[in-house]
Amino acid sequence: MAAAAEGLAAYRAVLRAARRTFAGDQLMLQESAVEIRRRFEDHRGLAPGSDEAARALADAREAAHFITHMIVQATRAPSGSFVVKPESVHAGATLEVPSEEILSKLK
């Protein structure tokens with residue numbers, strides 16, 4: 001039962017992170033909830049305590065941390081431009097802005 005409780009806690013943590021990050025954006029809230037559920041359902045059959053289950057739980061914890069600390073939801077200002085307001089949880093996070101050189105390597 002401990003493995004099930006740990007899985008449920010990880011699931012709730014990822015959902016909480018998405019709800020906090022995408023508050024006010026119904027499309028992202030719905031789509032992220034669907035994707036999170038799908039990912040957990042894909043791992044439902046893993047044996048408790050197995051290496052695969054431990055990796056899946058670690059991935060879930062990392063996803064919750066990433067969503068909380070690395071994603072900032074932009075809002076549209078009355079002027080039509082987008083405004084990004086990082087919060088204290090984003091302090092210290094770094095972001096590499098894609099340059100033309102980086103983008104050309106991705107093609």
How close do [X] and [Y] get, heavy atom to heavy atom, and via which atoms?
{"X": "His43", "Y": "Arg39", "result": "ND1-O, 2.7 Å"}
{"X": "Leu29", "Y": "Phe22", "result": "CG-O, 3.5 Å"}
{"X": "Val14", "Y": "Ile67", "result": "CG1-CD1, 4.2 Å"}
{"X": "Ala60", "Y": "Phe40", "result": "CB-CZ, 3.6 Å"}
{"X": "Ala10", "Y": "Leu57", "result": "CB-CD2, 3.9 Å"}
{"X": "Ala18", "Y": "Ser32", "result": "CB-OG, 3.7 Å"}

Query raised in the report: Would you call Glu62 and Arg55 a salt bridge, using N to O less than 4.0 angstrom?
Result: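 Looking at Glu62 and Arg55, the cut-off is not met.
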Query raised in the report: So, are Arg38 and Glu35 salt-bridged, with charged N and O less than 4.0 Å apart?
Result: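 Yes.
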Query raised in the report: Are there more than 12 heavy atoms of other residues, nucleotides or ligands under 6.0 Å from atom CD of Glu52?
Result: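 No, the 6.0 Å shell around CD holds no more than 12 heavy atoms from other groups.
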Query raised in the report: Quick one: side chain to side chain donor-acceptor pair (under 3.5 Å) partners of Arg19, sequence neighbours excluded?
Result: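 Expected list: none.
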Report task. Please round to the nearest 0.5 Å and tell me the distance separating atom CE of Met70 and atom OG1 of Thr21. Result ->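 Met70 CE to Thr21 OG1: 12.0 Å, rounded to 0.5 Å.
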Query - Test item: Arg61 and Glu6 side chains (from C-beta on) under 4.5 Å apart, heavy atoms - result: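 Yes, side chains in contact.
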Query raised in the report: When you look at Tyr11 and Ile36, which way does the side-chain contact (heavy atoms from CB on, under 4.5 Å) test go after all the steps?
Result: CA-CA 8 Å; Tyr11 178 70; Ile36 291 164; 3.8 Å; yes
Query raised in the report: If Ile, Leu, Val, Met, Phe, Trp and Tyr residues are connected whenever their side-chain heavy atoms lie under 4.5 Å apart, and connections chain through other members, are Leu46 and Leu8 in the same group?
Result: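 Shared cluster, no.
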Report task. Determine yes or no for a side-chain-to-main-chain donor-acceptor pair under 3.5 angstrom, with Thr68 supplying the side chain and His65 the backbone. Result ->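 Not at all, since once roles are kept as given, no pair shorter than 3.5 Å links the two residues.
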